[in-house]
Amino acid sequence: MCGRYNLIIDAEALIDFFDIEHAAIEEFSPRYNISPSQDVPIVRNTGSGRVLVLARWGLVPHWSKEEKPTFSTINARADTVADKPTYRDPFKRKRCLVPSTGFYEWKREDDQKIPHHIRLPDGELFAFAGLWDHWDKEGAGFDSYSIIVTGANETMQPIHDRMPVILNPAQYNTWLNNKHFNRAQLESMLVPYARTLKVNPVSRYVNNPKHDDAGCVAL
DNA sequence: CCAGACGTTGTT
DNA sequence: GTCTGG
DNA sequence: CCAGACGTTGTT
DNA sequence: GTCTGG
């Protein structure tokens with residue numbers, strides 16, 4: 001599972017790394033502690049280039065009567081994403097990239113839960129495989145998204161048995177091509193990350209969603 | 001047919 | 001214990 | 001994911 | 001909107 005992550009980078013680097021055609025966000029400050037329900041940058045493909053937009057973490061299906069779903073949609077299981085009513089259509093036509101520089105998982109030890117920060121070897125930018133949808137009510141709509149999760153890879157195993165799907169840059173175009181749907185090809189991308197990750201225990205400071213500074217990635 | 005769910009994880 | 005808010 | 005609330009009425 | 005359960 002993935003219920004908290006960070007995006008410690010400035011807008012310029014984000015736009016550069018993801019080859020963004022149009023950035024539909026006013027401004028962006030590095031985020032150390034992104035929580036569900038918050039508006040966060042995601043990358044979508046419009047057909048004429050990639051756009052960076054703000055979307056709410058926790059996918060609200062277009063058919064939802066309420067502005068908030070009555071069930072958790074922050075994550076979608078890789079093995080059922082093609083079949084679940086909430087994710088089936090987004091999987092076909094509304095795939096997105098969710099930029100990140102690291103995520104947090106809580107390791108259970110006895111009766112304690114110790115937060116860990118997981119990132120790429122050099123803390124570089126990467127992307128989770130995501131799905132989005134648009135909810136609208138009398139013109140007042142918004143975009144929201146979910147992060148796809150799968151089993152843990154070798155590095156993650158000691159911490160937690162699940163992890164978010166991390167895509168490689170070589171896969172971005174195929175994942176974002178919402179005009180072409182090949183279920184088997186797309187599902188083959190939703191696997192545990194093949195490379196080694198860096199895992200560090202951090203202070204419980206990160207536990208509080210109100211905290212959003214460098215203290216979140218320190219011990 | 002209509003009503004009600006639509007999700008994930010962890011724990012018992 | 002369980003739900004809501006961030 | 002964790003933190004924090006979890007309730008009602010009447011009065012200012 | 002669409003599927004499942006009754």
Side-chain angles (χ1 to χ4, degrees), chain A residues 1-8 28-42 54-94 98 100-119 128-137 141-152 156-166 190 192 197 199-213 215-218:
Chain A
M1 192 169 189
C2 180
R4 214 77 78 79
Y5 68 98
N6 60 45
L7 183 54
I8 310 169
F28 176 75
S29 299
R31 292 294 312 276
Y32 290 84
N33 197 4
I34 296 169
S35 306
S37 81
Q38 297 181 337
D39 288 325
V40 191
I42 62 168
L54 285 184
R56 184 183 304 180
W57 188 10
L59 188 148
V60 182
H62 61 90
W63 42 259
S64 178
K65 287 173 186 129
E66 305 297 324
E67 184 170 343
K68 286 171 186 162
T70 56
F71 49 93
S72 176
T73 55
I74 63 171
N75 293 143
R77 290 182 63 97
D79 52 354
T80 55
V81 80
D83 297 315
K84 295 279 186 181
T86 298
Y87 302 125
R88 194 180 62 181
D89 285 354
F91 182 54
K92 282 183 182 165
R93 296 193 304 274
K94 290 186 168 66
V98 181
S100 174
T101 48
F103 59 100
Y104 304 101
E105 294 284 1
W106 279 258
K107 179 177 183 176
R108 287 163 189 277
E109 279 186 280
D110 303 323
D111 55 352
Q112 287 199 26
K113 293 174 81 173
I114 302 164
H116 287 69
H117 180 208
I118 298 102
R119 57 202 151 126
F128 296 125
L131 302 173
W132 67 279
D133 205 347
H134 182 81
W135 187 86
D136 195 87
K137 190 178 186 180
F142 62 92
D143 293 336
S144 57
Y145 70 96
S146 184
I147 293 172
I148 299 177
V149 292
T150 186
M156 282 294 301
Q157 203 68 61
I159 309 299
H160 200 66
D161 61 356
R162 309 281 300 161
M163 73 179 292
V165 172
I166 297 172
L190 307 179
L197 294 163
V199 180
N200 288 108
V202 291
S203 158
R204 275 174 292 181
Y205 182 77
V206 72
N207 284 16
N208 193 329
K210 289 175 183 170
H211 296 159
D212 189 15
D213 56 59
C216 293
V217 292

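Residue numbers begin at 1 in each chain, while the letters A, B, ... track the order of the sequences.
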Subject >> Distance in angstrom units between A:K94 NZ and E:dG1 C1', rounded >> reply: 12 Å

**OP:** Considering only atom C1', compute the distance from B:dC2 to D:dT9 and round it to an integer number of Å.
**Re:** 41 Å

Original post:
Can you find a side chain N or O atom of A:K68 that sits less than 4.0 Å from OP1 or OP2 on C:dT4?
Top reply: no

Original post:
Expressed as a whole number of Å, how far does the C1' atom of C:dT2 sit from that of B:dT8?
Top reply: 16 Å

Original post:
Of the nucleotides B:dT8, D:dA3, B:dG10, which has the atom closest to the A:D161 side chain?
Top reply: B:dG10

Show the distances under 3.5 angstrom between N or O atoms of the protein and N or O atoms of nucleotides 4-6 of chain B.
residue : atom : partner : partner atom : Å
B:dC6   : O3'  : A:T86   : OG1          : 3.0

**OP:** Apply the test side-chain hydrogen bond (donor to acceptor under 3.5 Å, both in side chains) to residues A:Y205 and A:D213: give CA-CA distance (whole Å), side-chain angles for both, the deciding distance (0.1 Å), then the verdict.
**Re:** CA-CA 10 Å; A:Y205 182 77; A:D213 56 59; 2.6 Å; yes

Original post:
Can you tell me how far C1' in B:dA3 sits from the matching atom in C:dG6, rounded to whole Å?
Top reply: 33 Å

Original post:
For the residue pair A:I114 and A:P201, what are the closest heavy atoms and their distance?
Top reply: CG2-CB, 4.4 Å

Subject >> Separation of B:dT8 C1' from A:W57 CH2 (nearest whole Å) >> reply: 12 Å

Original post:
Roughly how far apart are A:L59 CG and A:D143 CG, rounded to 0.5 Å?
Top reply: 9.5 Å

Original post:
Between A:K137 and A:W135, what is the shortest heavy-atom contact and its length?
Top reply: CB-CH2, 3.5 Å

Original post:
What does A:V149 touch in the nucleic acid at a heavy-atom separation under 4.0 angstrom: a base, only the sugar-phosphate, or nothing?
Top reply: sugar-phosphate

Subject >> Minimum-distance nucleotide (side-chain atoms of A:I74 versus E:dG1, B:dT9, D:dC1) >> reply: D:dC1

**OP:** Evaluate the ring planes of A:Y5 and A:F128, with Trp represented by its six-membered ring, and classify them as parallel (under 30°), tilted (30 to 60°) or perpendicular (over 60°).
**Re:** perpendicular

**OP:** Measure the spacing between CZ of A:R4 and CD of A:Q38 and express it to the nearest 0.5 Å.
**Re:** 8.5 Å

Original post:
Between A:D212 and A:R31, is there a side-chain N and carboxylate O pair less than 4.0 Å apart?
Top reply: yes

Original post:
Is it true that a side-chain atom of A:S144 and a backbone atom of A:V60 form a donor plus acceptor pair closer than 3.5 Å?
Top reply: yes

Original post:
Taking only side-chain nitrogens and oxygens of A:N75, does any of them come within less than 4.0 Å of OP1 or OP2 of B:dT8?
Top reply: no

Subject >> Nearest-Å distance for atom pair CG/C1', residues A:L131 and B:dT8 >> reply: 14 Å

Subject >> Phosphate-side-chain proximity, A:R108 and B:dT11, N/O vs OP1/OP2 below 4.0 Å >> reply: yes

Subject >> Closest to side chain of A:R162, choosing from C:dG6, D:dA3, B:dT9 >> reply: B:dT9

Original post:
So what does A:H160 touch, heavy atoms closer than 4.0 Å: a base, only the sugar-phosphate, or nothing?
Top reply: sugar-phosphate

Original post:
Where do A:I147 and A:P164 come nearest, in terms of heavy atoms and distance?
Top reply: CG2-CB, 3.9 Å

Subject >> Integer-rounded Å distance: B:dG10 P and A:K107 NZ >> reply: 14 Å

Subject >> Nearest-Å distance for atom pair CG/P, residues A:D39 and C:dG6 >> reply: 12 Å

Original post:
Which is true for A:Y87 with a 4.0 Å heavy-atom rule: it touches a base, it touches only sugar-phosphate, or it touches nothing?
Top reply: sugar-phosphate

**OP:** Pick out which of A:H117, A:H160, A:H116 makes a ring-ring contact (aromatic ring centres under 6.0 Å, His included) with A:Y104.
**Re:** A:H117

Original post:
In whole angstroms, how far is the P atom of D:dC1 from the OH atom of A:Y104?
Top reply: 16 Å

Subject >> Value in whole Å for how far the P atom of B:dG7 lies from CG of A:D89 >> reply: 12 Å

**OP:** For A:I159 and B:dT9, give me the distance from atom CD1 to atom P, rounded to whole Å.
**Re:** 17 Å

Original post:
When you measure from the side chain of A:S72, which nucleotide among E:dG1, D:dC1, B:dG7 comes out closest?
Top reply: B:dG7

Subject >> Integer angstrom distance from the P of B:dG10 to that of D:dC1 >> reply: 7 Å

**OP:** Verify, without hydrogens or angle tests, whether A:D133 (side chain) and A:P61 (backbone) share a donor-acceptor contact under 3.5 angstrom.
**Re:** no

Original post:
Taking the same atom, P, in E:dG5 and in B:dG7, what whole-Å distance lies between them?
Top reply: 13 Å

Subject >> Nearest-nucleotide pick for A:R88, side chain only, options being B:dG10, D:dC2, E:dC3 >> reply: E:dC3

Original post:
Using Watson-Crick and G-U wobble pairs with both distances under 3.5 Å, what is the 5'-to-3' dot-bracket string of DNA chain C, with [ ] for crossing pairs and | for pairs outside the strand?
Top reply: ||||||

